[in-house]
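Structure first, then comments.
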Amino acid sequence: MNVTTIDRGGTMMAGPRMMRGSMRLTADRATVVHGKVSFLVVNAGTIPHEMLVVPVAGTQSAGTRPVGRDGRADEAGSLGEASAACAEGEGEGILPSTSGWVTLDLPPGRYELFCNLPGHYWAGMYTELTVT
């Protein structure tokens with residue numbers, strides 16, 4: 001599946017923090033079949049981004065994770081991430097105009113896809129994925 005990360009080129013910065021809703025992480029579908037799922041993450045923004053895949057518990061919904069003082073959401077239980085520019089898996093962030101990817105074996109359930117670089121989750125970089 002294709003995932004795109006988008007920011008507004010710093011025009012929505014408020015000091016060291018991004019304004020709420022100034023960034024987006026979008027997926028080309030909201031539902032996939034369980035099993036091996038490949039994510040191609042394209043950074044269409046102007047700063048580095050990443051994408052983590054984390055199960056959603058109970059009635060929780062995307063965008064409701066608490067954000068700590070470090071500007072990051074809790075990523076406990078992460079099943080994997082695409083955070084390397086022009087490579088698979090973990091890295092230092094997907095650079096602008098490049099892509100990263102990861103393939104995961106996902107059981108049925110609900111997952112949140114999000115960027116967890118400081119301030120990015122709070123700024124709107126998340127979406128929900130249902131695996132049937």
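Predicted model, so just to flag it, every value in this text is computed and none were measured.
- For residues 70-82, the side chain to side chain donor-acceptor pair (under 3.5 Å) pairs, not counting sequence neighbours, are Glu75-Asn116, Glu81-Ser83.
- The closest side-chain heavy-atom distance from Met23 to Ile47 is below 4.5 Å.
- By the neighbour-count criterion of 12 heavy atoms within 6.0 Å, atom CD of Glu88 is densely surrounded, having more than that number from other residues, nucleotides or ligands.
- Hydrophobic cluster membership is shared by Val53 and Val32, with clusters built from Ile, Leu, Val, Met, Phe, Trp and Tyr side chains linked at under 4.5 angstrom.
- The minimum heavy-atom distance linking Pro107 with Asp105 is given by the pair CD-O, 3.6 Å.
- Put simply, OG1 on Thr31 and CD on Glu128 are 9.5 Å apart, with the number rounded to the nearest 0.5 Å.
- Between Tyr121 and Phe114, the angle of the ring planes goes over 60°, which puts this pair in the perpendicular group of the 30/60° scheme.
- Linking ILVMFWY residues whenever their side-chain heavy atoms come closer than 4.5 Å, directly or via other members, leaves Val41 and Ile6 in distinct clusters.
- The cluster map of Ile, Leu, Val, Met, Phe, Trp and Tyr, joined by side-chain heavy atoms under 4.5 Å apart, puts Leu113 and Val131 in the same cluster.
- Annotation: Glu90, atom CD; neighbour count of heavy atoms from other residues, nucleotides and ligands within 6.0 Å does not exceed 12.
- If you take SG on Cys115 and CH2 on Trp122, they are separated by 14.5 Å, rounding to the nearest 0.5 Å.
- Proximity of Leu106 to Leu79: side-chain heavy atoms (C-beta onward) are separated by under 4.5 Å at one or more points.
- With a 4.5 Å cut-off on side-chain heavy atoms, Met1 and Leu129 count as touching.
- At distances below 3.5 Å, not a single donor-acceptor pair connects side-chain atoms of Asn2 with backbone N or O atoms of Asp28.
- In the model, Asp7 has a side-chain atom that pairs as donor or acceptor with a side-chain atom of Thr46 under 3.5 Å.
- Scanning both residues, Gly100 and Ala82, for their nearest heavy atoms gives C-CB, 4.2 Å.
- Distance check, rounded to the nearest 0.5 Å: OG of Ser99 to CG of Asn43 gives 9.5 Å.
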Test side chain to side chain contact (heavy atoms under 4.5 Å, CB included) applied to Leu25 and Met51, step by step: CA-CA 8 Å; Leu25 184 146; Met51 184 210 65; 4.1 Å; yes
Verdict with supporting geometry, Val54 and Arg65, side chain to side chain contact (heavy atoms under 4.5 Å, CB included): CA-CA 11 Å; Val54 182; Arg65 293 177 188 277; 3.3 Å; yes
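- No side-chain heavy atom of Tyr111 sits less than 4.5 Å from a side-chain heavy atom of Val37.
- A distance of 8.5 Å separates CD in Glu50 from NE2 in His120, rounded to the nearest 0.5 Å.
- Between Pro48 and Leu95, the closest side-chain pair of non-hydrogen atoms falls below 4.5 Å.
- Looking at heavy atoms from C-beta onward, Thr127 lies out of side-chain contact with Thr26 at the 4.5 angstrom threshold.
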